[in-house]
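By convention here, the first residue in the shown sequence is residue 1. Because the structure is predicted, anything quoted here is derived from the model rather than measured.
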Amino acid sequence: MFPESSTGYSYEDCQSTADWLLSQTAVQPLVGIVCGSGMGGLADGLKDPVAFNYKDIPNFPQSTVHGHAGRLVFGTLKGIPCVCMQGRFHLYEGYAIQKITMPMRIFKILGVKTVILTNAAGGLNQDFKVGDIMIIKDHLNMPGFAGNNPLTGPNDERFGLRFPCMSDAYDRELQQLALDVGSELGFSDFLREGVYCVLGGPSFETIAECRMLNKLGADAVGMSTVHEVIVARHCGMRVFALSLITNKAVMDYDSEEKANHEEVLQTGKHRAEQLERLVSTIVARLEHNNNYA
Ligand SMILES: O=P(O)(O)O[C@H]1O[C@H](CO)[C@@H](O)[C@H]1O
Ligand SMILES: Nc1nc2[nH]cnc2c(=O)[nH]1
């Protein structure tokens with residue numbers, strides 16, 4: 001059903017990519033950050049950055065989506081060594097799901113303990129507003145229901161278990177930390193919690209689909225993150241993830257609104273500064289609590 005499902009990268013392929021990166025930079029990252037659509041500015045906060053274009057990194061896929069620069073940036077955030085993906089990969093770009101998620105395994109081999117993922121998402125929860133930041137507490141993996149899971153194929157125990165648990169995918173301590181940090185920064189008015197649903201994309205949802213997803217318990221919908229979370233948890237990294245609500249999912253046949261990628265990128269720009277402060281303060285507190293792992 002998924003012809004490329006066994007053509008993911010081997011442990012040795014991932015190791016050689018990680019070794020190549022470590023031979024080019026002195027930064028040994030403890031935190032890995034993934035920038036969502038229009039949120040590449042998160043990487044601009046890194047001190048003493050060393051950046052690699054994806055096209056120059058052995059085995060790395062290429063970014064093809066506007067708003068995803070396609071660079072891996074190493075540096076420090078408030079003194080903590082970090083690596084940041086300025087651009088991620090999506091199913092709709094045509095990559096096998098194992099390729100989309102391969103950077104998580106590179107993170108693991110590089111020594112990353114905590115992964116922070118961000119995404120742009122449509123708000124299904126009727127209480128959400130454009131510009132809200134939703135702390136992800138759980139997910140609905142729609143491609144996974146259809147058998148497209150990034151762990152499909154032979155399992156290499158050096159990465160993790162054949163049947164990893166996902167009921168604790170989103171670290172509860174980190175969710176609380178984010179709420180605390182958000183409140184201290186005065187962000188409580190636009191900080192939410194909820195369930196993220198991933199679809200394959202690239203078409204946005206119909207009205208009937210949005211209504212269905214909302215009934216199923218999803219608060220936000222997007223086309224990423226969940227695959228990365230599954231692979232990150234499989235290999236034992238802690239995960240924190242958030243969605244920027246860039247548009248309201250259209251739920252009403254009288255609505256004139258139409259989802260579009262330009263609005264998604266614009267909302268990212270508007271919230272860029274607050275997102276950067278939220279993420280960098282969370283990273284700084286990781287050190288304070290000594291809770292990378
Ligand atoms: O999830 P990220 O990468 O933030 O991007 C989101 O924004 C794009 C649609 O505008 C889709 O790729 C969707 O997944
Ligand atoms: N699937 C999906 N992805 C998005 N990314 C940003 N907004 C949306 C949306 O409304 N739907």
Side-chain angles (χ1 to χ4, degrees), residues 2 34-40 61-70 85 87-97 99-101 117-150 190 192-230 241-272 275:
F2 302 106
V34 181
C35 303
S37 285
M39 297 175 214
Q62 307 306 308
S63 280
T64 67
V65 184
H66 183 40
H68 292 260
M85 284 180 73
R88 64 145 59 84
F89 312 109
H90 307 82
L91 273 181
Y92 60 77
E93 291 175 81
Y95 293 120
I97 198 164
K99 286 194 181 167
I100 290 168
T101 51
L117 301 117
T118 63
N119 65 53
L124 295 162
N125 184 320
Q126 293 304 286
D127 294 335
F128 287 3
K129 293 190 286 299
V130 170
D132 282 354
I133 295 173
M134 182 187 89
I135 296 167
I136 301 180
K137 64 176 184 189
D138 206 346
H139 69 224
L140 287 173
N141 179 10
M142 291 302 188
F145 288 176
N148 201 6
N149 185 298
F190 57 86
R192 315 262 174 247
E193 292 173 274
V195 174
Y196 175 85
C197 176
V198 62
L199 302 182
S203 47
F204 287 110
E205 297 67 44
T206 64
I207 293 168
E209 285 164 350
C210 289
R211 290 179 171 193
M212 179 194 81
L213 296 176
N214 190 224
K215 281 211 173 88
L216 290 179
D219 297 293
V221 58
M223 310 172 195
S224 72
T225 306
V226 168
H227 322 304
E228 293 150 339
V229 169
I230 291 170
L242 57 81
S243 292
L244 174 63
I245 305 302
T246 52
N247 55 291
K248 285 190 80 138
V250 181
M251 312 275 272
D252 181 350
Y253 286 99
D254 293 332
S255 170
E256 297 284 309
E257 283 182 51
K258 289 177 197 244
N260 65 89
H261 192 55
E262 285 62 43
E263 183 188 7
V264 168
L265 298 182
Q266 274 305 323
T267 313
K269 270 196 196 132
H270 285 137
R271 271 283 181 252
L275 265 174

Any donor-acceptor pair under 3.5 Å from [X] side chain to [Y] backbone:
| X | Y | answer |
| --- | --- | --- |
| Ser255 | Met251 | no |
| Glu93 | His90 | yes |
| His270 | Leu265 | no |
| Asn119 | Leu117 | no |
| Glu209 | Thr206 | yes |
| Ser243 | Ile136 | no |
| Asp132 | Lys129 | yes |

Does [X] reach the side chain of [Y], with side-chain heavy atoms less than 4.5 Å apart?
| X | Y | value |
| --- | --- | --- |
| Leu140 | Leu216 | yes |
| Thr101 | Ile230 | no |
| Val34 | Thr118 | no |
| Met134 | Val195 | no |
| His139 | Val198 | no |
| Leu199 | Val221 | yes |
| Asp127 | Asp219 | no |
| Cys35 | Met85 | no |

Does a salt bridge link Lys248 with Glu257, judged by any charged N lying under 4.0 Å from a carboxylate O?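 No.
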Could you tell me if Arg88 and Thr225 have a donor-acceptor pair between their side chains, going purely by distance under 3.5 Å?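 Short answer, yes.
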Separation between [atom1] of [X] and [atom2] of [Y], rounded to the nearest 0.5 Å:
| X | Y | atom1 | atom2 | result |
| --- | --- | --- | --- | --- |
| Arg192 | Lys137 | CZ | NZ | 13.0 Å |
| Leu244 | Arg271 | CG | CZ | 7.5 Å |
| Phe128 | Ile133 | CZ | CD1 | 12.0 Å |
| Asn141 | Tyr196 | CG | OH | 10.5 Å |

Of the non-hydrogen atoms in [X] and [Y], which two are nearest, and what is the gap between them?
| X | Y | answer |
| --- | --- | --- |
| Phe89 | Lys99 | CD1-O, 4.5 Å |
| Ser37 | His261 | OG-CE1, 3.8 Å |
| Asn148 | Leu91 | ND2-CD2, 3.7 Å |
| Asn260 | Lys258 | ND2-O, 3.1 Å |
| Ala249 | Leu124 | CB-CD2, 3.6 Å |
| Thr246 | Ala120 | CG2-CB, 3.6 Å |

May I have the step-by-step check of side chain to side chain contact (heavy atoms under 4.5 Å, CB included) for Val264 and Asn247, ending in yes or no? CA-CA 7 Å; Val264 168; Asn247 55 291; 3.8 Å; yes
